[in-house]
2 protein chains.
Amino acid sequence: MGVGNCRPLFYNVGMELAEPCAHCAVRDRALCSTLSDDELAQLNAIGHRREMERGETLLWAGDDSVVCGNLISGVLKLVAASADGREQIVGLVYPGDFVGQPYVEKAEFTVTALTEAEVCLFPRAPFERALDDHHAMERLLLQRTLQALNTARGRMLSLARSSAQEKVAGFLLDMAERAGTSACRAVPDGPLTFDLPLTRGQIADVLGLTIETVSRQMTRLKVAGVIALPGGRAVTICDRDALQARAEAA
Amino acid sequence: MGVGNCRPLFYNVGMELAEPCAHCAVRDRALCSTLSDDELAQLNAIGHRREMERGETLLWAGDDSVVCGNLISGVLKLVAASADGREQIVGLVYPGDFVGQPYVEKAEFTVTALTEAEVCLFPRAPFERALDDHHAMERLLLQRTLQALNTARGRMLSLARSSAQEKVAGFLLDMAERAGTSACRAVPDGPLTFDLPLTRGQIADVLGLTIETVSRQMTRLKVAGVIALPGGRAVTICDRDALQARAEAA
DNA sequence: AAAGGTCTTTGACCGCGGTCAATGTTCTGT
DNA sequence: ACAGAACATTGACCGCGGTCAAAGACCTTT
C-alpha cells in the first residue's frame, strides 16, 4: 500500500512547503535540490510517493517507460536479461538517485527493490515538461547521467577483465563506502562491520559470477583474515589495505 | 596537421553560414543539428577542426578533460585500463557522435582514433557556456547520454553473460549494421561484404576476449559457412539468420 | 623484389570459474 | 518452539577460454 494518498489536497496554497517534501530525507541530494520551495510544491502536485516491499518491481523491461522519480530510502536494482533468462544487474540505485528515463519510450531494464524502499514518482510526460521549466534540474540530471555513464563504463572493465577475487574484493570495498553511517566500527580505523543489502545470488548478478564462486571467494577472504563473516548478511572488513590489494591485482 | 587554421577569420559576418560548417558531413546529425545557421556560426567561433591519424590519441585517461566535440568522420575508441595494463574498449564513437564530457574535470577514458578521423573540437569551458545558451542542444546531449548509458548497460550483460561465440556473432551483426552505405551486396538480401575498422586485437578489447579466441571464433563461423573472410579486413555475412541465432544462444 | 614489420591463424596445454549435487545455516510464519 | 523455505557453503568434476609458442598472411618501405 502506497502513501500517495497522504499527499495533501491543497499542496501549493500559501508559501509553505507542501508535505511530504518538507521532511523529505533526500531534499538536499535528489534532483529536487535544484528547486525552490515554491517550485518544489508545483512539482509535487504531479508526483506521489510509493512504498515498496523487498522484491517488488517498479518497472519491467520492455514495458512502456511510464514513470520516473527519486529514490528516498532503500536500494533498487536495474536488471538486464537475455532472452534465455541469463541476468545481469547493470546498476544499483541508492537514496537520492534518480530512477527511470525521460525521453525514452520503452524501459530497457527491470527495476526491482532489493530492500524495503520508498520512491517519489512522477508520470514521465509531465516530468519531461517539468524539466523544460526547471533548467537547473535538467542540468543536474545531465550531470548525473554523465556520471552514471562513467560508472557503467568502469564496470565494463571490471566485468570483462577482473578475476573473481578482484571482483568480490572490489565489491566489498564499494559496499563499505556506501554503508557509511549505518556501518559501525569499534575502534577508529579498526574493523568495520556492516550489512550487505544483497544476497549472494544478487552479488553474483552484479559481478557477473555465480553464487558458488561468490561464496568461495568470500570464504577465501575470510580464511586469509581479510574479512570476517559474523553471520546473517553482516560483513566485517578486518584489513582494508589487504582487501584493496586483492581488488587491484589478480 | 589540423585544419583549424582554415577557419575563416570573420565567421559571423552577414547571414551566410561560416565555413567549414556549411559543408559539414554531420551537420544534420551532430549536436549542432539543433542550432540555426547563425547560432552555429557563433559556436564555430570557439571551435576548430582537427584531423587525426590512425592510432592518434585525443584525450588521455586521468588528464584534464579539456576538449569535447563532434566526430565528423572515422571511428574512435574509448578505452578503460586497469593499473596493471589490462584494457577494455568501453565505447566506439561514430560520425555524428559526441566525444568528451562536459561538467567532468578529469577524463576517465582514453580516446584514440581507430581509423583516420576528423573531429570538430571545442574547449570544454566555453562549450559548457554554449550549452547554457542553446537549450535545445543541451536537451539533445541529455538524450544522447541516456542512450549511451543504455548501450553501455546492455553491453554489461553481454560482457558478463555471453559466450565467446555469442559475442563475436553479435559484434559482426553490429558492425554490419554500422557499415551501412559502405557495405556492398551483390544480390538484394544476399551476402553482405564490408570492412571491419578494427583489428582482431581491438575486437578482443571490445568483447572482453583475447585475440586468439576472437580468431578461433571467426574461423568457426567461417567453417560453418555463416561468414566468409575474403582477406584483408573484409568480412562477408553469408547467412544472416544463422549469425543472429548464434548471437542469441550459447 | 626483397626485407621487415604487423596482424592473423593454428596448435598444445591448463587453470579459472561454471555446473551439479549434497549439506548446513538463517529467516519466516504459525 | 517448530516446520518449511530460502539462502549459503562446500566438494567433485569439467569445459570454456586464456596462455604460450610457432608458423603463415598481409602490408609497408626501399
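Order of the sequence lines sets the chain letters (A, B, ...), proteins ahead of strands, with each chain counted from 1.
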* Structure fact -> Min and max contacting nt of DNA chain D in 5' to 3' order, chain A heavy atoms within under 4.0 angstrom, are dC7(D) to dA12(D)
* **Sugar-phosphate, base or nothing in reach of G55(A), heavy atoms under 4.0 Å** => nothing
Please report, to 0.1 Å, the donor-acceptor pairs under 3.5 Å made by any side chain of residues 69-77 of chain A, with sequence neighbours excluded.
none

Just the table, please: protein N/O against nucleotides 6-11 of chain C N/O, every pair under 3.5 Å.
from	atom 1	to	atom 2	distance (Å)
dT8(C)	OP1	R200(B)	N	3.3
dT8(C)	OP2	R200(B)	N	2.8
dT9(C)	OP1	R200(B)	NH2	3.2
dT9(C)	OP2	R200(B)	NE	2.8
dT9(C)	OP2	S215(B)	OG	2.8
dT9(C)	O5'	S215(B)	OG	3.2
dT10(C)	OP2	T219(B)	OG1	2.8
dG11(C)	N7	R216(B)	NH1	3.1

* Asked: Is there any salt bridge (charged side-chain N to carboxylate O under 4.0 Å, His left out) pair reaching into residues 200-212 of chain A, and which pairs are they, with sequence neighbours excluded?
  -> D205(A)-R161(B)
* Inter- and intrachain pairs under salt bridge (charged side-chain N to carboxylate O under 4.0 Å, His left out), touching residues 57-66 of chain B, at least two apart -> D64(B)-K106(B)
* Asked: Taking Q217(B) as the fixed residue, which of K167(B), R246(B), K222(B), Q165(B) is the one that meets the side chain to side chain donor-acceptor pair (under 3.5 Å) rule?
  -> Q165(B)
* To do: Compare every heavy atom of P191(B) with every heavy atom of T236(B), then report the nearest pair and how far apart it is.
  => CG2-CB, 3.7 Å
* How do L209(B) and Q202(A) order along DNA chain D: which one's closest nucleotide is nearer the 5' end? -> Q202(A)
* **Carboxylate-amine/guanidinium contact E118(A) R50(A), below 4.0 Å** => no
* Asked: Can you pull the salt bridge (charged side-chain N to carboxylate O under 4.0 Å, His left out) pairs that have at least one residue in residues 230-243 of chain B, sequence neighbours excluded?
  -> none
* When you match G231(A) and T210(A) each to their closest nucleotide on DNA chain C, which lands nearer the 5' end? -> T210(A)
* Structure fact -> Value for CD (Q88(B)) from CE (M156(A)), rounded to nearest 0.5 Å, stands at 5.5 Å
